[in-house]
Amino acid sequence: MTAALFDLSDRIALITGSSQGIGYTLARGLSAAGAKVILNARNQEKLEAAAVRLRSEGATVYTASFDVTDQRAVASGIAEIESSVGELDILVNNAGIQRRMPLEDFPAETWEELMRTNLDSVFFVGQAVARQMIPRKRGKIINICSVQSELGRPSIAPYTASKGAVKMLTKGMAIDWGKHNIQVNGLGPGYFKTELTEALVKDEDFTAWLVGRTPSGRWGDVDELIGAAIFLASPASSFVNGHVLYVDGGVTATL
Ligand code: NAP
């Protein structure tokens with residue numbers, strides 16, 4: 001019975017921004033729980049290489065290369081997945097970028113790029129997928145938030161604004177789509193070693209500060225996000241809706 005709660009056999013899952021980093025790791029994790037996964041990113045070469053890597057571990061993997069900031073490309077990408085792979089059961093809105101700069105110097109074009117990638121994409125992909133899920137009366141949507149959905153840091157105000165908005169969009173989606181048996185939740189990673197955080201990992205002062213600031217006393221390993229993702233994608237979370245699950249070593253619990 002407990003195994004069935006977390007079983008994703010034959011579920012079809014799209015993970016945006018999954019040619020590397022957290023998205024790739026979550027695709028690997030959902031696949032290990034039985035799901036067929038669809039990897040997405042813009043760079044096709046990197047995407048195919050990631051798919052080959054995952055297939056070599058025995059996963060059933062498809063690829064769908066589209067830009068999540070382009071609403072038309074999203075609509076045709078989702079339609080193509082539904083007709084060629086099958087009905088989507090799980091969506092993980094993961095694609096995201098970081099741009100660090102003092103707010104007074106932050107160019108409007110960079111603000112625009114960041115908001116389109118981190119926030120608009122969640123609306124575009126979430127809406128396109130929910131339109132398929134609603135008539136079927138089932139679905140799971142996981143929006144990748146961040147500890148920055150709650151807390152700020154110098155030089156990343158726009159990122160913080162985008163992730164705070166993703167948290168609230170998650171609640172809005174849960175409210176509108178809960179009656180259709182769709183659960184929409186957020187997963188809020190703390191600090192994990194990925195390409196996105198490479199500069200911070202190398203920065204000894206930052207690492208010393210972070211380790212001191214984190215109750216668990218270390219950086220997170222991306223594999224530590226898998227359990228939470230399987231939970232939010234599986235029958236185990238059938239009455240969990242509009243929640244943000246922080247996987248952050250306790251960072252959001254402390255000043
Ligand atoms: P990453 O290593 O930089 O990977 C980002 C992925 O997204 C890549 O596959 C990239 O491929 C894809 N992508 C970027 N823009 C895209 C677009 N417009 N359309 C489609 N795909 C796009 O990032 P990460 O560290 O794994 O972060 C993933 C998510 O977790 C983000 O939402 C981030 O904010 C969040 N997060 C990360 C951390 C952390 O510690 N790393 C902490 C909290 C939250 P292409 O460039 O080829 O498109």
Side-chain angles (χ1 to χ4, degrees), residues 14-29 37-51 53-54 63-74 77-78 91-100 110 112-126 128 142-153 156 158-167 169-170 186-203 206-207 210 214 218-226 228-229 244-249 251-252:
L14 166 66
I15 304 96
T16 68
S18 47
S19 60
Q20 63 179 46
I22 289 175
Y24 178 78
T25 301
L26 296 184
R28 221 179 82 238
V37 296
I38 300 148
L39 302 184
N40 156 267
R42 292 164 303 179
N43 183 319
Q44 294 207 22
E45 217 171 291
K46 277 178 73 175
L47 190 61
E48 290 307 329
R53 237 171 26 248
L54 213 48
T63 57
S65 181
F66 56 83
D67 182 339
V68 293
T69 68
D70 177 344
Q71 193 174 16
R72 281 180 162 209
V74 167
I78 299 304
L91 164 67
V92 184
N93 275 313
N94 166 80
I97 55 172
Q98 174 63 290
R99 299 287 181 260
R100 295 186 176 85
T110 312
E112 183 85 3
E113 177 201 18
L114 191 136
M115 286 297 169
R116 279 191 85 77
T117 310
N118 292 6
L119 176 61
D120 296 12
S121 70
V122 178
F123 166 60
F124 294 154
V125 187
I142 303 171
N143 295 330
I144 301 303
C145 298
S146 165
V147 291
Q148 266 90 40
S149 297
E150 302 291 340
L151 304 166
R153 280 274 303 153
I156 57 165
Y159 180 84
T160 306
S162 74
K163 290 296 183 178
V166 172
K167 175 183 76 172
L169 183 55
T170 300
L187 176 53
Y191 281 88
F192 288 82
K193 291 182 186 180
T194 66
E195 281 84 343
L196 191 79
T197 55
E198 214 170 74
L200 294 178
V201 175
K202 285 186 186 144
D203 181 336
F206 182 86
T207 289
L210 179 71
T214 306
R218 60 177 174 82
W219 280 86
D221 182 309
V222 281
D223 282 353
E224 293 177 298
L225 289 165
I226 291 175
V244 180
L245 177 49
Y246 290 100
V247 181
D248 65 354
V251 164
T252 47

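As the structure lists them, so they are numbered: ligands from 1, and atoms in each ligand from 1. Residue numbers run from 1 in the order of the sequence given.
Residues passing the salt bridge (Lys or Arg N to Asp or Glu O under 4.0 Å) test with Asp203: none are found, sequence neighbours excluded. By the salt bridge (Lys or Arg N to Asp or Glu O under 4.0 Å) test, Glu113 is found to be paired with Arg99, residues two or more places apart in sequence or in another chain being considered.
Neither the backbone nor the side chain of Lys193 has a heavy atom within less than 4.0 Å of ligand 1. Counting heavy atoms closer than 4.0 Å to ligand 1, residue Asn43 contributes atoms from both its backbone and its side chain. Heavy atoms of Ser121 found under 4.0 angstrom from ligand 1: none, in either backbone or side chain. Counting heavy atoms under 4.0 Å from ligand 1, residue Thr197 touches it through the side chain alone. Contacts between Thr16 and ligand 1, counted as non-hydrogen atom pairs separated by less than 4.0 Å, are absent for every part of the residue. Contact annotation for Tyr159 and ligand 1: only side-chain heavy atoms (C-beta onward) come within less than 4.0 Å of the ligand.
Contact analysis leaves Gly188 out of contact with ligand 1, as no non-hydrogen atom separation drops below 4.0 angstrom. Not a single heavy atom of Arg116 sits under 4.0 Å from any atom of ligand 1.
Minimum interatomic distance between Ala229 and Leu26 (heavy atoms only, all atoms of both residues): CB-CD2, 3.7 Å. For the residue pair Ser19 and Ala50, the shortest heavy atom distance occurs at O-CB, 3.6 Å. When all heavy atoms of Leu119 and Leu169 are compared, the closest pair comes out as CD1-CD2, 4.1 Å. For the residue pair Leu187 and Pro189, the shortest heavy atom distance occurs at O-CD, 3.2 Å. Summarising the geometry of Asp248 relative to Thr214, their closest heavy-atom pair is O-CG2, 3.8 Å, with the distance given to 0.1 Å. The shortest non-hydrogen separation linking Ala64 to Ile38 is CB-CG2, 3.8 Å.
Ligand 1 has an N or O atom lying under 3.5 Å from an N or O atom of Phe192, backbone or side chain. Inclusion of Val68 in the set of residues having an N or O under 3.5 Å from an N or O of ligand 1 is warranted. Polar contact check, Thr117 against ligand 1: no nitrogen or oxygen pair lies under 3.5 Å apart. Polar contact with ligand 1: absent for Tyr191 (N/O pair, distance under 3.5 Å).
For ligand 1, the atoms lying closer than 4.0 Å to a non-hydrogen atom of Gly96 are 31 (C), 32 (O). Near Cys145, the atoms of ligand 1 lying under 4.0 angstrom from a non-hydrogen atom of the residue are 44 (C). Below 4.0 Å from some heavy atom of Thr69 lie the following atoms of ligand 1, by number and element: 18 (N). Near Ser19, with a cut-off below 4.0 Å to any heavy atom, the atoms of ligand 1 are 8 (C), 9 (O), 11 (O). Applying the 4.0 Å criterion to heavy atoms of Asp67 picks out, from ligand 1, the atoms 17 (C), 18 (N), 19 (N). The contact set between ligand 1 and Ser18, taken as ligand atoms under 4.0 Å from a residue heavy atom, comprises 9 (O). With ligand atoms numbered from 1 in the order given, ligand 1 contributes 2 (O), 26 (O) to contacts under 4.0 Å with heavy atoms of Gly21.
With respect to atom 43 (C) of ligand 1, the closest heavy atom belonging to the protein is Pro189 O, 3.4 Å. Looking at atom 41 (N) of ligand 1, its nearest protein heavy atom turns out to be Thr194 OG1, 3.0 Å. The protein non-hydrogen atom at the shortest distance from atom 30 (O) of ligand 1 is Ile144 CG2, 3.4 Å. For atom 3 (O) of ligand 1, the closest non-hydrogen atom on the protein side is Gln20 NE2, 3.4 Å. Looking only at protein heavy atoms, the nearest one to atom 46 (O) of ligand 1 is Arg42 NH2, 2.9 Å. The single protein non-hydrogen atom nearest to atom 37 (C) of ligand 1 is Ile22 CD1, 3.4 Å, given as residue, atom name and distance. Protein heavy atom at the shortest distance from atom 27 (O) of ligand 1 is Leu196 CD2, 3.8 Å. Distance from atom 6 (C) of ligand 1 to its nearest protein heavy atom, with residue and atom name: Gly17 O, 3.4 Å.
Rounded to the nearest 0.5 angstrom, Leu91 CG and Asn143 CG are separated by 7.0 Å. Atom-to-atom distance recorded for Lys193:NZ and Arg218:CZ is 9.5 Å, nearest 0.5 angstrom. Atoms CD and CD1, on Gln98 and Ile156 in that order, are 5.0 Å from each other to the nearest 0.5 Å.
The nearest non-hydrogen atom to atom 29 (C) of ligand 1, considering only Asn40, Leu47, Asn94, comes from Asn94. For atom 20 (C) of ligand 1, the choice among Trp219, Tyr246, Phe66 with the nearest heavy atom turns out to be Phe66. Of the options Ala95, Ser162, Ser146, the smallest heavy-atom separation from atom 13 (N) of ligand 1 is shown by Ala95.
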Stepwise, does the side-chain contact (heavy atoms from CB on, under 4.5 Å) test hold for Thr69 with Asp120?
CA-CA 7 Å; Thr69 68; Asp120 296 12; over 6 Å; no

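With hydrogens and angles ignored, the 3.5 Å screen pairs no side-chain donor or acceptor of Ser65 with any backbone N or O of Gln44. Between the Asn94 side chain and the Ile144 main chain, no donor and acceptor come within less than 3.5 Å of each other. Using modelled atom types, no side-chain atom of Thr252 and backbone atom of Val147 make a donor-acceptor pair closer than 3.5 Å.
Note that Arg53 lies in the cation-pi zone of Tyr24, set by a 6.0 Å cut-off to the ring centre and a 45° limit from the axis.
Two rings, from Phe124 and Phe66, have their centers 6.0 Å or more apart.
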